[in-house]
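See below for the structure under consideration.
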Amino acid sequence: MDTKKRILITGGAGFIGSHLTDNLLERGDEVVVIDDLSTGSLENLQQAFTSPLFTFIEGNIIGNRLLFELVRDVDTVFHLAAAVGVDYILANRVESIERCVEGTRPVFEAAGRFRKRVIFSSTSEVYGESGALPFAENGKLVIGTPQTFRWSYACAKALDEFMALAFHKEQGLDVVIPRLFNTVGPRQSAKYGMVLPRFLKQALNNEPLTVFGDGSQSRCFCYIDDVVRALVDLMHCPGAAGEIVNIGSAEEVTIDELAQRVIIQTNSCADIKNIPLDQARGEGFADMQRRVPDLRKVAKLIGWQPRYRLESIIAILARKLQSQKQDAGAKLRIT
Ligand code: UDP
């Protein structure tokens, strides 16, 4: 299991990709990242750039003639490149669909041609408005009307899943499809709308925490180190070929409670401001009331379960942001 590998990561300059990169380099694997830096950043790869085992290629996947060679020359591909965050998707509608659909097919084609394993990161978003909680991999996907634009991401990713399984069935593509639930950790930007980095930033700037709607909706937050551990173990797991696998935490918290916990754990004087959903994210926007993964399959396949609880996740992230703030001067606002 511990032989060194050469790995290609598309979207490796993003939040999840850059942590995966660091982890693989630490294990002694060689890592090639391709990223167009649309939402990822070179800053995320600072640590990676210090390693002789690391190569960075700036570029898009769509129409990239290098892609086949890159896939040919590695052992495994992580395909993480995609649009990120609800706010980004709403602001870049055509592009986010294109990135998912047109950016994925060439990766599957290349991996199929050279018989390489590809780990394609999908998302819990595909479960949509399903009420069959906790969400199991073989459960129904319940996706709303195309007039509610949020669902475009779920549909595009679901289409990618269909494509992955079609390539698997017809051409023997060795593909693994982790569905990532809400993942949090250092380097996750508040820019694209994710709730925990936003709440931490607001609390540390002593600004009101913006709870959308009444805050009764809930999520489960999984720490990046746990998610990366699952991704790496799935990469090494022969039984995962052709499988969809949930990765996430099952510790459920309402968004209102999350806001309160962040305020308490950061000793902030900020209060909570409820903002109606259509004011926060535009007319006709939909939110999921609950999102909880069924983790039995991942436990069975690779014996994985998350190690970090929400309390320690908030503490770790708050400490990191506080020390960044101190480094930059006490008066600085966190952005
Ligand atoms: N949310 C919130 N305030 C914010 C950002 C998000 O109340 O400033 C809510 C959002 O409406 C959703 C939850 O937090 O119910 C998680 O949002 P996020 O965008 O992080 O991820 P999602 O699970 O919706 O993909």
For this session: Could you tell me how the ring of Phe49 sits relative to the ring of Phe56: parallel (under 30°), tilted (30 to 60°) or perpendicular (over 60°)?
Result: perpendicular
For this session: Report the relative orientation of the aromatic rings in Tyr127 and Phe181; use parallel for angles under 30°, tilted for 30 to 60°, perpendicular for over 60°.
Result: tilted
Do the charged groups of [X] and [Y] touch, with an N to O distance under 4.0 Å?
{"X": "Glu125", "Y": "Arg291", "result": "yes"}
{"X": "Glu95", "Y": "Arg99", "result": "yes"}
{"X": "Asp87", "Y": "Lys191", "result": "no"}
{"X": "Glu137", "Y": "Arg179", "result": "no"}
{"X": "Arg261", "Y": "Glu257", "result": "yes"}
{"X": "Arg117", "Y": "Asp75", "result": "no"}

[Y] and [X] side chains, donor-acceptor separation under 3.5 Å:
{"X": "Thr145", "Y": "Gln147", "answer": "yes"}
{"X": "Ser18", "Y": "Gln46", "answer": "no"}
{"X": "Thr254", "Y": "Asp256", "answer": "no"}

[Y] backbone acceptor or donor facing [X] side chain under 3.5 Å:
{"X": "Lys201", "Y": "Leu321", "value": "no"}
{"X": "Asn44", "Y": "Ala13", "value": "yes"}
{"X": "Ser51", "Y": "Ala48", "value": "no"}
{"X": "His19", "Y": "Pro186", "value": "yes"}
{"X": "Asp29", "Y": "Lys5", "value": "yes"}
{"X": "Lys116", "Y": "Val77", "value": "no"}
{"X": "Ser249", "Y": "Glu251", "value": "yes"}
{"X": "Asn274", "Y": "Gly213", "value": "yes"}
{"X": "Thr104", "Y": "Val101", "value": "no"}
{"X": "Arg187", "Y": "Glu43", "value": "no"}

Of all heavy-atom pairs between [X] and [Y], which one has the smallest distance, and what is that distance?
{"X": "Ile97", "Y": "Phe149", "result": "CD1-CZ, 4.0 Å"}
{"X": "Ala318", "Y": "Leu204", "result": "O-CD1, 4.3 Å"}
{"X": "Ser122", "Y": "Glu161", "result": "OG-OE2, 2.6 Å"}
{"X": "Thr266", "Y": "Gln322", "result": "O-NE2, 4.0 Å"}

Count the heavy atoms belonging to other residues, nucleotides or ligands that lie under 6.0 Å from [atom1] of [X], then report whether that count exceeds 12.
{"X": "Arg93", "atom1": "CZ", "answer": "yes"}
{"X": "Gln289", "atom1": "CD", "answer": "yes"}
{"X": "Arg307", "atom1": "CZ", "answer": "no"}
{"X": "Arg229", "atom1": "CZ", "answer": "yes"}
{"X": "Glu98", "atom1": "CD", "answer": "yes"}

Roughly how far, to the nearest 0.5 Å, is [atom2] of [Y] from [atom1] of [X]?
{"X": "Arg6", "Y": "Leu53", "atom1": "CZ", "atom2": "CG", "answer": "10.0 Å"}
{"X": "Leu310", "Y": "Glu252", "atom1": "CG", "atom2": "CD", "answer": "12.0 Å"}
{"X": "Asn246", "Y": "Ser124", "atom1": "CG", "atom2": "OG", "answer": "8.0 Å"}
{"X": "His168", "Y": "Glu243", "atom1": "NE2", "atom2": "CD", "answer": "7.5 Å"}
{"X": "Phe135", "Y": "Ser130", "atom1": "CZ", "atom2": "OG", "answer": "4.5 Å"}
{"X": "Thr148", "Y": "Ile143", "atom1": "OG1", "atom2": "CD1", "answer": "12.0 Å"}

So if you build clusters from Ile, Leu, Val, Met, Phe, Trp, Tyr with side-chain heavy-atom gaps below 4.5 Å, do [X] and [Y] land together?
{"X": "Val31", "Y": "Phe114", "result": "no"}
{"X": "Ile16", "Y": "Leu45", "result": "yes"}
{"X": "Leu80", "Y": "Val74", "result": "no"}
{"X": "Ile272", "Y": "Met194", "result": "no"}

Problem set entry | Intermediate values then yes/no, side chain to side chain donor-acceptor pair (under 3.5 Å), Gln47 and Thr21 | CA-CA 9 Å; Gln47 193 180 316; Thr21 299; over 6 Å; no
For this session: Could you walk me through whether Trp304 and Leu234 pass the side-chain contact (heavy atoms from CB on, under 4.5 Å) test, one step at a time?
Result: CA-CA 10 Å; Trp304 179 90; Leu234 282 175; over 6 Å; no
For this session: Check whether any side-chain heavy atom of Thr123 lies under 4.5 Å from a side-chain heavy atom of Val126, and answer yes or no.
Result: yes
Exercise. Is the charged tip of Arg113 near the ring of Phe68: under 6.0 Å from the six-membered ring centre and within 45° of its axis?
Worked result: no
Seminar exercise, completed: When Asn64, Leu67, Ile62 are each screened for side-chain contact (heavy atoms from CB on, under 4.5 Å) with Pro106, the one that passes is Leu67
Problem set entry | Stepwise side-chain contact (heavy atoms from CB on, under 4.5 Å) test for Leu317 and Gln188 | CA-CA 10 Å; Leu317 293 178; Gln188 184 176 41; over 6 Å; no
Problem set entry | side-chain contact (heavy atoms from CB on, under 4.5 Å) between Ile9 and Leu24, intermediate numbers included | CA-CA 11 Å; Ile9 306 180; Leu24 294 169; 3.9 Å; yes
Exercise. Among Phe108, Phe162, Phe78, whose ring-ring contact (aromatic ring centres under 6.0 Å, His included) with Phe120 holds?
Worked result: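 Among Phe108, Phe162, Phe78, the one meeting ring-ring contact (aromatic ring centres under 6.0 Å, His included) with Phe120 is Phe108.
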Problem set entry | CA sep, side-chain torsions, deciding dist, call: Gln202, Arg198, side-chain contact (heavy atoms from CB on, under 4.5 Å) | CA-CA 6 Å; Gln202 290 163 339; Arg198 281 178 64 120; 4.2 Å; yes
